[in-house]
Asks: 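Below you'll find the structure I mean.
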Amino acid sequence: MKSPLLSLPGAVPAEGVDEDVAAHYGDLFREQRALAEGTGFVDLSHRGVVTVSGDDRLSWLHLLLTQHVSDLPTGRATEALILSATGHIEHALYLVDDGTTVWAHVEPGTQEALIAYLESMKFFYRVEVADRTADIALVHLPAGSITEVPEGVVVRETAYGRDVFLPRADLESYAAKAGPAAGLLAYEALRVEQHRPRLGFETDHRTIPHELGWIETAVHLQKGCYRGQETVARVQNLGKPPRRLVFLHLDGSEVHLPPAGTELRRADEGPDGRKIGVITTSVRHHELGPVALALVKRNVPLDAPLLADSTAAAQEVVVEP
């Protein structure tokens with residue numbers, strides 16, 4: 001849903017799945033610095049919002065998700081995945097339970113497929129699944145923010161800030177009080193700095209949780225009984241994932257920022273060498289300069305200099321080989 005905040009002064013629409021919110025409002029680095037200092041907000045109203053209510057909501061979701069949620073305390077944020085039967089990531093959910101309802105935000109446009117899957121798994125459980133995207137808009141307040149949240153509004157609080165499930169009708173009036181507005185590029189720059197993967201960006205049709213570090217944050221290794229659990233357990237106990245997420249420092253002297261999809265090669269093999277990985281997200285950071293997240297083959301040496309086309313890149317470990 002196209003955000004009304006695109007009418008704010010200086011707003012430039014983002015691209016791709018994020019096109020319904022602003023990439024920036026005229027000053028990318030100022031917006032990044034504001035978020036890093038705990039001021040302002042980010043319009044994430046294009047993200048899907050799904051709720052699950054009913055007496056069996058937590059025990060039922062526990063059977064479907066990679067995370068342990070059967071005893072999820074009220075107000076505690078968590079994240080979880082839904083995997084295919086072969087263990088590949090299909091959905092990423094960012095959850096909080098308010099005591100009567102589980103609230104989740106998901107990637108833009110993925111809520112319909114998620115709800116279809118959840119509806120197919122209801123059986124005799126006392127649960128109700130709803131798409132709340134049309135009436136609820138997500139707003140992100142950065143860590144350290146002292147911006148007030150309206151009474152009665154559901155909040156998902158994490159180390160990175162607060163996700164506010166705001167009535168969509170209140171979005172413009174809330175933005176007027178919560179400013180300054182920061183665009184999605186500022187939010188993404190901090191996400192990359194924090195090494196946090198994003199579904200559809202760091203994932204493809206064959207991604208498993210171990211490759212991205214989601215095994216630590218979105219998967220509970222002591223629970224079973226969910227689709228794809230066998231793959232998770234087998235890789236965890238008997239093997240290693242074929243790829244690993246890395247953080248890249250890119251050559252700051254280059255004007256061109258290698259976009260997502262740029263192939264990576266070892267610098268000692270030159271631009272015609274073997275492909276050993278791919279950039280998944282690249283950003284310009286207000287302090288670090290040009291940086292990126294990338295997936296590389298597990299056996300690429302940790303100290304190997306890389307090339308993204310003609311741009312030099314140095315690795316920083318996110319997922320251990």
Asks: Examine distances only and state if a side-chain atom of Ser282 and a backbone atom of Ala292 form a donor-acceptor pair shorter than 3.5 Å.
Replies: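 No, because the side chain of Ser282 does not come within donor-acceptor range (under 3.5 Å) of the backbone of Ala292.
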
Asks: Hey, which of Tyr94, Trp103, Tyr174 is the one that makes ring pair (Phe, Tyr, Trp, His ring centres under 6.0 Å) with Phe165?
Replies: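 Output: one option passes, namely Trp103.
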
Asks: Tell me whether Ile146 at atom CD1 has more than 12 heavy atoms from other residues, nucleotides or ligands lying less than 6.0 Å away.
Replies: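 No, not enclosed.
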
Asks: Is a side-chain donor or acceptor of Glu269 paired with a backbone partner of Arg274 at a separation under 3.5 angstrom?
Replies: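 Side chain of Glu269 to backbone of Arg274: a pair is present.
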
Asks: Side chain of Thr280, backbone of Leu293: donor and acceptor closer than 3.5 Å?
Replies: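 At least one qualifying donor-acceptor pair exists.
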
Asks: Can you tell me if Glu211 uses its side chain to pair, donor with acceptor, with the backbone of Val319 under 3.5 Å?
Replies: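 No; judged by distance alone, with no hydrogens or angles, the pair does not exist.
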
Asks: Can you tell me if Thr262 uses its side chain to pair, donor with acceptor, with the backbone of Ala308 under 3.5 Å?
Replies: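 Answer holds: no.
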
Asks: Return the orientation label for the His68 and His62 ring planes: parallel under 30°, perpendicular over 60°, tilted otherwise.
Replies: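 The arrangement is perpendicular - the two ring planes meet at more than 60°.
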
Asks: Above 12 or not: heavy atoms from other molecules or residues under 6.0 Å from NZ of Lys223?
Replies: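 Yes, the 6.0 Å shell around NZ holds more than 12 heavy atoms from other groups.
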
Asks: Do other residues, nucleotides or ligands put more than 12 heavy atoms under 6.0 Å from Glu15 CD?
Replies: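 No - once you tally the heavy atoms of other residues, nucleotides and ligands closer than 6.0 Å, there are 12 at most.
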
Asks: Going by an N to O cut-off under 4.0 Å, is there a salt bridge joining Glu79 and Arg196?
Replies: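 The answer is no: the pair does not qualify as a salt bridge.
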
Asks: Say you draw a straight line from CG of Leu61 to CD of Gln67; how long is it, rounded to the nearest 0.5 Å?
Replies: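 Result: 11.5 Å between the selected atoms.
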
Asks: Would you say the side-chain atoms of Asp309 pair up with the backbone N or O of Thr311, donor to acceptor, closer than 3.5 Å?
Replies: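 Not confirmed, Asp309 side chain does not pair with Thr311 backbone.
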
Asks: Is the count of non-hydrogen atoms from other residues, nucleotides or ligands lying under 6.0 Å from Glu316 atom CD greater than 12?
Replies: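 Count over threshold, so yes.
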
Asks: Which atoms form the tightest heavy-atom contact between Ile279 and Pro258, and what is the distance?
Replies: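 Heavy atoms only, the tightest pair is CD1-CB, 3.8 Å.
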
Asks: Considering only residues two or more places apart or on different chains, which pairs with a residue in residues 41-57 satisfy salt bridge (charged side-chain N to carboxylate O under 4.0 Å, His left out)?
Replies: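 Passing the test, one end in residues 41-57: Arg47-Glu107, Asp55-Arg126, Asp56-Arg126, Arg57-Asp97.
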
Asks: Considering non-hydrogen atoms only, spot the tightest contact between Gln229 and Gly224 and give its length.
Replies: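 Closest approach of Gln229 to Gly224, heavy atoms only: CG-CA, 3.8 Å.
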
Asks: Could you check whether any side-chain N or O of His286 sits under 3.5 Å from a backbone N or O of Arg30, counting only pairs where one atom can act as donor and the other as acceptor?
Replies: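 Side chain of His286 to backbone of Arg30: no pair is present.
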
Asks: Where the side chain of Glu263 meets the backbone of Lys275, is there a donor-acceptor pair that is under 3.5 Å apart?
Replies: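 It does not hold such a pair.
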
Asks: Keeping the roles fixed (side chain from Glu119, backbone from Ile115), state whether a donor-acceptor pair exists under 3.5 Å.
Replies: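 No, the answer is negative, given that no donor and acceptor are paired below the 3.5 Å cut-off.
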
Asks: Tell me whether Ser84 contacts the main-chain N or O of His88 through its side chain, where contact means a donor paired with an acceptor under 3.5 Å.
Replies: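 The answer is yes, because a donor-acceptor pair under 3.5 Å joins these two groups.
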
Asks: Is it the case that atom CD in Glu148 sees more than 12 heavy atoms from other parts of the structure closer than 6.0 Å?
Replies: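 Atom CD in Glu148 is not crowded, with 12 or fewer foreign heavy atoms closer than 6.0 Å.
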
Asks: What closest approach, in Å, do Thr66 and Ala218 show between heavy atoms, and which atom pair accounts for it?
Replies: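 In terms of heavy atoms, the two residues are closest at OG1-O, 2.5 Å.
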
Asks: According to the salt bridge (charged side-chain N to carboxylate O under 4.0 Å, His left out) rule, which pairs have a member within residues 154-182, sequence neighbours left out?
Replies: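 Matches after skipping sequence neighbours: Arg156-Asp163.
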
Asks: I need the minimum non-hydrogen distance between Arg244 and Arg298, along with the two atoms involved.
Replies: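 In terms of heavy atoms, the two residues are closest at NE-O, 3.3 Å.
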
